[in-house]
Amino acid sequence: KAGVREADGERLTAIYASFVDHAWNDSAGRFRNFMGYDRKWLEDVGSLDSFGRSLWALGETVRLSPSGELRAWALSLADRVVPHVRGINALHALSFCALGLASLASARCDDGQWRAALEHCGQTLEGALAKTRRPGQRATWQMMCAAAPKPYRPRRSASPANRRAR
C-alpha cells in the first residue's frame, strides 16, 4: 500500500502542526518561516507568502482533518491569524489566504470574520485584475479556469531523483 502509515502520519502531523504553531508571532501578526538547526528562528517575521500558505494549511486542516483535537487547534490559531489578513498586500499571498479562508468558511459557520476577510481577498484580487486588464479583454476567472489544461499534470523536474525514476 502506497503512502504513509497511519502511525507515521499522526507523528508527522504533530511535528508539522507544532512547527506552524511555533512559527506564529503574535506580536508581529505574522508567521516566521525559517528555523535554524538549533531550533531558533532566523527571522522575527517571515514572508507574506509564508503567511498565506500557513493560513491555507490551517483552513485545510479544519476542513479535512479526522482529528477533532487537531481541528480545534487549527480553528484557535486561525481565529488569531485572520484579523491580520488585511495587512497582506502581495497578490500571491492573498490568493493563498483566500484558499485557506474558503476552507475555513466551508467548514463551519462563523461570526463573519472569515467571510469578511475572504471578501477582502476577493475584492483586492479582482481590483488588481481590473487595473491590469487590457482594453477589450474580457477575461474572467471562469474563462481562465476553462482555458486551463484538463486534467492538470505538473511537469516533472529535471532533478536527478526524477531522472532515476523514469
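Side chains included, hydrogens not; waters and symmetry mates left out as well; all remaining heavy atoms used.
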Enquirer: Please table the atom pairs, donor to acceptor, closer than 3.5 Å between any side-chain atom in residues 37-46 and protein atoms at least two apart or in another chain.
Expert:
residue, atom, partner, partner atom, Å
Asp38, OD1, Lys40, N, 3.1
Glu43, OE2, Asn33, N, 2.5
Glu43, OE2, Phe34, N, 2.8

Enquirer: Looking at Tyr16, I want to see if its OH is surrounded by more than 12 non-hydrogen atoms of other residues, nucleotides or ligands under 6.0 Å.
Expert: no
Enquirer: So which heavy atom on Arg80 is nearest to which on Asp26, and how close?
Expert: NE-OD2, 3.6 Å
Enquirer: So, does Ser65 use its side chain to make a donor-acceptor pair with the main chain of Val62 at under 3.5 Å?
Expert: no
Enquirer: Quick one: pull up CG in Leu55 and CH2 in Trp114 and give me the separation to the nearest 0.5 Å.
Expert: 9.5 Å
Enquirer: Rounded to the nearest 0.5 Å, how far apart are CG of Leu129 and OG1 of Thr124?
Expert: 12.5 Å
Enquirer: To the closest 0.5 Å, what do you measure between CD (Glu126) and SG (Cys121)?
Expert: 13.0 Å
Enquirer: Does the side chain of Val81 reach to within under 4.5 Å of the side chain of Ser54, using non-hydrogen atoms?
Expert: no
Enquirer: Classify the ring geometry between Trp56 and Phe96 as parallel (under 30°), tilted (30 to 60°) or perpendicular (over 60°).
Expert: parallel
Enquirer: Would you say Phe51 and Leu77 are hydrophobically clustered, going by side-chain heavy atoms of ILVMFWY under 4.5 Å?
Expert: yes
Enquirer: So do Leu48 and Arg30 actually touch side chain to side chain, heavy atoms under 4.5 Å?
Expert: yes
Enquirer: Which value, rounded to the nearest 0.5 Å, describes the distance between Leu94 atom CG and Leu99 atom CG?
Expert: 11.0 Å
Enquirer: Within a strict 4.5 Å, meaning less than it, do heavy atoms of the Trp73 and Leu58 side chains meet?
Expert: yes
Enquirer: State, yes or no, whether a side-chain contact exists between Leu104 and Leu118 at a heavy-atom distance under 4.5 Å.
Expert: no
Enquirer: Show every donor-acceptor pair shorter than 3.5 Å between a side-chain atom in residues 82-92 and any protein atom, with sequence neighbours excluded, or say none if there are none.
Expert:
residue, atom, partner, partner atom, Å
Arg86, NH1, His120, ND1, 3.2

Enquirer: Find the distance between OG (Ser50) and CZ (Arg32) and round it off to the nearest 0.5 Å.
Expert: 11.0 Å
Enquirer: Please name the pair of heavy atoms, one in Asn25 and one in Ser27, separated by the smallest distance, quoted to 0.1 Å.
Expert: OD1-OG, 2.8 Å
